[in-house]
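Right, one structure below, let's go through it.
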Amino acid sequence: MNTPQLVVHRDKELMAQAAAARLITRIVDAQAARGSASVVLTGGRNGNALLTALGASPARDAIDWGRLDLWWGDERFLPEGDPERNVTQARAALLDSVPVDPARVRPMPPSDGVHGSDADAAAAAYAAELAAAAGPEDHGPVPTFDVLMLGVGPDTHVASLFPELPAVRETDRMVVGVHGAPKPPPTRISLTLPAIRAAREVWLLAAGEDKAKAAAIALSGAGEIQAPAAGAYGRSRTLWLLDAAAASELPRDLYPPSLA
């Protein structure tokens with residue numbers, strides 16, 4: 001586990017713009033180094049704000065969109081096209097306006113797909129898709145994602161890994177069905193902590209006063225079962241991207257010396 005790095009921005013708008021610029025650079029660098037890039041997207045207000053900012057950036061054209069693999073960290077188990085699905089929101093925010101290769105956009109299965117209402121079977125199918133995309137260099141059943149992004153919930157949940165629920169305790173499976181989630185909808189699909197930790201870089205996004213306590217708890221030595229965000233880290237880098245409101249309760253020894 002590496003020590004998390006913190007970047008605190010003045011407000012959520014600046015945070016989204018700066019995170020989008022950072023992501024563009026990281027994708028372009030990965031494509032230059034390895035020919036392609038692999039990114040795991042997150043939903044929620046901060047993930048969608050980042051995608052909207054990326055879409056508005058002139059620098060988006062520096063990305064070779066046809067050489068970008070896109071995955072999701074979690075999904076609401078709802079019918080295809082439902083406006084609450086993360087992939088539906090990502091398409092509206094960005095993906096419908098850039099020339100991605102449809103074959104390289106890998107959403108999690110919907111509840112009206114081939115697995116029907118069986119979230120566990122849908123999770124197993126997504127795990128198999130990840131395993132098929134992994135190569136010998138990945139040393140495991142998921143690709144080594146270049147960047148995996150996560151929103152942080154007010155209760156410290158990341159993806160659909162909620163405090164104390166079975167999914168956050170999973171150590172073997174890479175993807176699980178989540179049942180009885182404390183926020184609607186109750187049925188979801190989620191990457192597990194072992195899958196998250198396969199990424200080169202994990203970025204945690206938090207903006208707003210309602211995220212301040214969660215950020216402080218996760219960054220102050222809490223256990224991952226009680227605070228799942230504390231267990232989300234990358235192989236080479238773990239980056240927390242915050243606005244000033246979300247950073248307002250951080251211990252002084254963690255707070256950066258100035259706002260970016």
Side-chain angles (χ1 to χ4, degrees), residues 40-48 70-91 105-134 140-143 145 148-199 202 204-206 210-211 213-214 217-218 222-233:
V40 178
L41 300 180
T42 184
R45 69 183 190 226
N46 294 318
N48 290 329
L70 294 173
W71 303 87
W72 271 261
D74 76 319
E75 186 56 274
R76 300 172 174 99
F77 198 51
L78 297 168
E80 181 69 36
D82 190 288
E84 292 300 308
R85 274 176 59 83
N86 289 333
V87 64
T88 307
Q89 296 173 8
R91 292 188 190 283
V105 177
R106 317 287 186 85
M108 290 181 167
S111 63
D112 58 351
V114 296
H115 308 288
S117 60
D118 190 340
D120 297 320
Y126 202 66
E129 190 173 354
L130 285 163
V142 296
F145 312 113
L148 184 149
M149 295 181 290
L150 297 166
V152 180
D155 60 353
T156 73
H157 85 264
V158 290
S160 284
L161 305 178
F162 294 90
E164 305 285 355
L165 292 190
V168 77
R169 302 176 187 271
E170 181 64 47
T171 58
D172 296 324
R173 292 176 294 172
M174 297 297 106
V175 189
V176 294
V178 176
H179 305 276
K183 61 180 292 188
T187 306
R188 296 157 174 260
I189 302 173
S190 183
L191 297 188
T192 59
L193 288 177
I196 289 169
R197 293 168 185 163
V202 169
L204 295 106
L205 315 175
D210 61 325
K211 305 297 180 71
K213 188 171 293 295
I217 291 170
E224 63 194 40
I225 304 302
Q226 295 77 29
Y233 50 84

Q: Return each pair, listed once, that meets salt bridge (Lys or Arg N to Asp or Glu O under 4.0 Å) where at least one residue sits in residues 114-123; pairs must be two or more places apart or across chains.
A: none

Q | M174/L191 under side chain to side chain contact (heavy atoms under 4.5 Å, CB included): CA gap, chis, key distance, verdict | A | CA-CA 6 Å; M174 297 297 106; L191 297 188; 5.9 Å; no

Q: State, to 0.1 Å, how close A230 and A218 come at their nearest heavy-atom pair, and which atoms those are.
A: CB-O, 3.6 Å

Q | Closest non-hydrogen atom pair, A122 against F77 | A | CB-CE1, 3.8 Å

Q) R106 and Y126: side chain to side chain contact (heavy atoms under 4.5 Å, CB included), yes or no, with the steps? A) CA-CA 9 Å; R106 317 287 186 85; Y126 202 66; 4.1 Å; yes

Please tabulate, for side-chain N and O atoms in residues 158-170, each donor-acceptor pair with protein atoms closer than 3.5 Å (sequence neighbours left out).
residue	atom	partner	partner atom	Å
S160	OG	D74	OD2	2.7
S160	OG	R188	NH1	3.2
E164	OE1	R169	NH2	3.0
E170	OE1	R173	NE	3.3
E170	OE1	R173	NH2	2.9
E170	OE2	D172	N	3.1
E170	OE2	R173	N	2.9

Q: Check for a donor-acceptor pair, side chain of E75 on one end and backbone N or O of P107 on the other, with a separation under 3.5 Å.
A: no

Q) Which atom pair, heavy atoms only, marks the closest approach of A198 to P143? A) CB-O, 4.1 Å

Q. How close do K211 and A206 get, heavy atom to heavy atom, and via which atoms?
A. CB-CB, 4.0 Å

Q.
Under the criterion side chain to side chain contact (heavy atoms under 4.5 Å, CB included), I'd like the reasoning laid out for L193 against E224: C-alpha separation, chi angles, the key distance, then a yes or no.
A. CA-CA 9 Å; L193 288 177; E224 63 194 40; 3.8 Å; yes

Q: Give a yes or no on whether the backbone of G81 and the side-chain of R91 come within a donor-acceptor separation of less than 3.5 Å.
A: no

Q) Are the side chain of T156 and the backbone N or O of A229 linked by a donor-acceptor pair below 3.5 Å? A) no

(Q) Please determine whether side chain to side chain contact (heavy atoms under 4.5 Å, CB included) holds for the pair W71 and V40, giving the CA-CA distance in whole Å, both sets of side-chain angles, and the decisive distance to 0.1 Å. (A) CA-CA 5 Å; W71 303 87; V40 178; 4.0 Å; yes

